[in-house]
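One structure below.
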Amino acid sequence: MGIFEAEVRGHTCEEDILTSRVFGTFEILERSKFLVPFLDECGIRLRRGKELDGLDFAYWEATGKRTPDVVLRDKLNLVSIENKLGSSPDTLQLVEEYEDVVNSHRDSWLMTLTAHHAEPHQVGEAREELTRRGYEEPRVRWCSWQQVYSFLHRNSGRGSESEQRLIRDLLALLQSKGLSVFGGFEADQLEDISTLWPKMPGFLEDHAALLGSLSTRLHNR
């Protein structure tokens, strides 16, 4: 099962384990509700066949010169995914991975997933190099781990009860690694805030007075 693929293969680095957890979860979840809409958000438009839930996941499979972290494929589509956690993508690596897949499948995409908050410049450089090599409008896309968190946080309610539990666990994992984003307050949280808000000015005044008293006492000592 993909969710434990890193350990099964003896991969111990945090990046590979996170790859297993995230894409292994997507592999378990209903594809049409989660994986496909997520790829859409990342700019990857899969051709839709009757067997979309039959999309195959392969981990660390050589596609030619390079070995991407994940490959998604069916008869109509091939998506190569290169993941980075504590580093930036390598331009040449992206170029060669794209050439590997586009030469083996007509409808191919390359996505790189990183912890950046904006697209790393290496992704644009890879597109430019591929264009120079004769590839028209190369299908190279970027997405962040934070976008994974945001997407699953917004869409967890679409899943079954067991899917929702799985998503909650994955969200907690991403949050523990600093890969979460603010997704808005829940309705019950807003109700609590509206109830407490009239009391906040007095609380802040008392808090300021407390800090002032502590500061004075510390200074005297």
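FYI, the numbering just counts along the sequence from 1.
Taking 4.0 Å as the cut-off between side-chain N and carboxylate O, Glu163 and Lys33 do not count as a salt-bridged pair. A salt bridge is absent between Glu82 and Arg66: the closest approach of a Lys/Arg side-chain nitrogen to an acidic carboxylate oxygen does not fall below 4.0 angstrom. Ion pairing between Glu7 and Arg21 holds under the 4.0 Å rule for side-chain N and carboxylate O.
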Requested in this report: Step by step, work out the side chain to side chain contact (heavy atoms under 4.5 Å, CB included) result for Asn83 and Trp145.
Outcome: CA-CA 9 Å; Asn83 299 327; Trp145 294 107; 3.8 Å; yes
Report task. Dump the intermediate steps for side chain to side chain contact (heavy atoms under 4.5 Å, CB included) on Leu174 and Val22, then the final yes or no. Result -> CA-CA 9 Å; Leu174 291 168; Val22 169; 4.3 Å; yes
Query raised in the report: Would Arg47 and Asp107 satisfy salt bridge (Lys or Arg N to Asp or Glu O under 4.0 Å), going step by step from the backbone distance to the final call?
Result: CA-CA 8 Å; Arg47 293 181 63 192; Asp107 286 291; 3.0 Å; yes
Requested in this report: Take Asp74 and Asp56, measure what side chain to side chain contact (heavy atoms under 4.5 Å, CB included) needs, and give me the verdict at the end.
Outcome: CA-CA 6 Å; Asp74 61 14; Asp56 180 58; over 6 Å; no
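Put simply, the side chain of Arg45 gets close to the backbone of Asp40: a donor and an acceptor are under 3.5 Å apart. With hydrogens and angles ignored, the 3.5 Å screen pairs no side-chain donor or acceptor of Thr91 with any backbone N or O of Glu125. Side chain of Gln164 to main chain of Gly159: a donor-acceptor pair is present (N/O by atom type, distance under 3.5 Å, no hydrogens or angles). Here the side chain of Gln175 pairs no donor or acceptor atom with the backbone of Ser180 at under 3.5 angstrom. For the pair Gln147 (side chain) and Cys42 (backbone), a donor-acceptor distance under 3.5 Å is absent. Within the 3.5 Å criterion, the main-chain N or O of Val101 finds a donor-acceptor partner in the side chain of Ser108. Ser150 contributes no side-chain N or O that, together with a main-chain N or O of Gln146, makes up a donor-acceptor pair within less than 3.5 Å.
When side chains are defined from C-beta on, Leu29 does not count as touching Leu35, because their heavy atoms never get closer than 4.5 Å. Side-chain atoms of Ile44 and Leu46, non-hydrogen and from C-beta on, do get closer than 4.5 Å to each other. Annotation: side chain of Leu18 is in contact with side chain of Leu173 (closest heavy-atom distance under 4.5 Å). Here the side chains of Leu72 and Leu39 are in contact, with some heavy-atom distance below 4.5 Å.
Sequence neighbours left out, the pairs with a member in residues 96-142 that pass ring pair (Phe, Tyr, Trp, His ring centres under 6.0 Å) are Tyr98-Tyr135.
When all heavy atoms of Asn155 and Phe34 are compared, the pair lying nearest together is O-CE2, 3.4 Å. Closest approach of Gln93 and Asp90 over heavy atoms only: N-OD2, 2.8 Å. Closest heavy-atom contact between Glu97 and Ser80: OE1-OG, 3.7 Å.
The ring of Phe23 has its center no closer than 6.0 angstrom to the ring center of Phe57.
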